[in-house]
Colleague: 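This is the structure I want to talk about, given as structure tokens.
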Amino acid sequence: MAGFTSHMAQALAEARAAAERGEVPVGAVITDPDGRVVAAAGNRTRELSDPTAHAEILAIRAACTAAGSERLPGHDLWVTLEPCPMCAAAISAARIATLYYGAEDPRMGGVAHGARVFDHPQCHHRPQVYDGIGGGESRKLLQSFFEERR
């Protein structure tokens, strides 16, 4: 078995690119069961005029297309911010094996905060969850983005 490799640096690069486009800086990366990156995305809600165009959703769509399936068993998702309830539900529906996220989102999060989607009895699939991966850098990126807009 290969050693653990974090893909948070690439997710952070996607988040920085999103910020440069004027989007909330959130980035996501999906790896396949062999650890290869199969999708990467940053938020594009404004660019696409689509409230569902969160980094996680875009990455899941691309990974599903690459896999030729609506499910991604054995795949891991790296995201810079705690997924919202919509994204958490999509992670469950896609059967993502492991979720790694950076900064907590007490206001809009859906994993450790708010809706806690994976804790509901109706949740069909619960990924393993590891939080705080690159959380400091993710938080700093988000804070500076919003400070510049105030």
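Quick caveat, the model's predicted, so the values are computed rather than measured.
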Colleague: Do Ile91 and Ile60 have side chains that approach each other closer than 4.5 Å (heavy atoms only, starting at C-beta)?
Modeller: yes

Colleague: Hey, quick one: are Val38 and Leu58 part of the same hydrophobic cluster, counting side-chain heavy atoms closer than 4.5 Å, chains of contacts allowed?
Modeller: no

Colleague: What's the separation between atom CZ in Arg95 and atom SG in Cys64, rounded to the nearest 0.5 Å?
Modeller: 11.0 Å

Colleague: Please report the interatomic distance OG(Ser92) to CG(Leu99), rounded to the nearest 0.5 Å.
Modeller: 11.5 Å

Colleague: Give, for atom SG of Cys87 and atom CD1 of Ile96, the distance between the pair rounded to the nearest 0.5 Å.
Modeller: 11.0 Å

Colleague: Nearest heavy-atom pair of Ala62 and Ala39: which atoms, and what distance?
Modeller: CB-CB, 3.8 Å

Colleague: Verify the cluster assignment for Val79 and Met8: are they in a single hydrophobic cluster under the rule of side-chain heavy atoms below 4.5 Å apart?
Modeller: no

Colleague: Has Thr80 got a side-chain atom pairing as donor or acceptor with Gly102's backbone, closer than 3.5 angstrom?
Modeller: no

Colleague: If we only count heavy atoms from C-beta on, is the Asp105 to Cys84 side-chain gap below 4.5 Å?
Modeller: no

Colleague: Any heavy-atom pair between the side chains of Thr98 and Pro127 that's under 4.5 Å?
Modeller: no

Colleague: Might you point out which heavy atoms bring Ser138 and Leu12 nearest each other, and give the distance in Å?
Modeller: OG-CD2, 3.5 Å

Colleague: Hey, would you say the Phe4 and Tyr100 ring centroids sit under 6.0 Å apart?
Modeller: yes

Colleague: Minimum heavy-atom separation for Ala41 and Ala59, please, with both atom names.
Modeller: CB-N, 3.9 Å

Colleague: Take Trp78 and Ile133 through the side chain to side chain contact (heavy atoms under 4.5 Å, CB included) test and state the conclusion after the steps.
Modeller: CA-CA 9 Å; Trp78 302 81; Ile133 313 285; 4.1 Å; yes

Colleague: For a quick test of reading the model, state the closest non-hydrogen atom pair linking Val29 to Ala11 and the distance between them.
Modeller: CG2-N, 3.6 Å

Colleague: Does Leu72 offer a backbone N or O that forms a donor-acceptor pair with the side chain of His75 under 3.5 Å?
Modeller: yes

Colleague: State plainly whether one hydrophobic cluster holds both Phe118 and Leu81, where clusters connect Ile, Leu, Val, Met, Phe, Trp and Tyr through side-chain heavy atoms under 4.5 angstrom apart.
Modeller: yes

Colleague: Output, in order, the C-alpha distance, side-chain angles, deciding distance and verdict of side chain to side chain contact (heavy atoms under 4.5 Å, CB included) for Ile57 and Arg61.
Modeller: CA-CA 6 Å; Ile57 299 293; Arg61 288 174 183 163; 3.4 Å; yes

Colleague: Test Val111 against Arg116 for side chain to side chain contact (heavy atoms under 4.5 Å, CB included), laying out the working first.
Modeller: CA-CA 4 Å; Val111 176; Arg116 296 180 187 249; over 6 Å; no

Colleague: Within this structure, what is the CZ-CD distance for the pair Arg21 and Glu47, rounded to the nearest 0.5 Å?
Modeller: 6.0 Å

Colleague: So, Arg16 and Glu137, do they make that salt bridge, N to O below 4.0 Å?
Modeller: yes

Colleague: Hey, mind stepping through Ile30 and Asp76 against side chain to side chain contact (heavy atoms under 4.5 Å, CB included) and telling me if it holds?
Modeller: CA-CA 6 Å; Ile30 296 180; Asp76 297 338; over 6 Å; no

Colleague: Write down the atom of Gly110, the atom of Ala88, and the distance for their closest heavy-atom approach.
Modeller: O-CB, 4.1 Å

Colleague: Can you get from Met108 to Phe146 by hopping between Ile, Leu, Val, Met, Phe, Trp and Tyr side chains that sit under 4.5 Å apart?
Modeller: no

Colleague: Look up atom OG1 in Thr31 and atom CG in Leu77, then write down how far apart they are to the nearest 0.5 Å.
Modeller: 8.5 Å

Colleague: Donor-acceptor check, side chain of Arg71 to backbone of Ala94, threshold 3.5 angstrom: yes or no?
Modeller: no

Colleague: Is Arg149 close enough and on-axis enough to Phe145, meaning under 6.0 Å and within 45°, for cation-pi?
Modeller: yes

Colleague: With the threshold set at 4.0 Å, does a side-chain nitrogen-carboxylate oxygen contact exist between Glu23 and Arg44?
Modeller: no

Colleague: Could you tell me whether the side chain of Asp34 and the main chain of Arg36 form a donor-acceptor pair under 3.5 Å?
Modeller: no

Colleague: Do the side chain of Glu82 and the main chain of Pro106 share a donor and acceptor less than 3.5 angstrom apart?
Modeller: no

Colleague: May I ask you to check whether Asn43 and Thr45 show a side-chain donor-acceptor distance below 3.5 Å?
Modeller: no

Colleague: Report, as yes or no, whether the 6.0 Å neighbourhood of atom CZ on Arg107 holds more than 12 heavy atoms from other residues, nucleotides or ligands.
Modeller: no

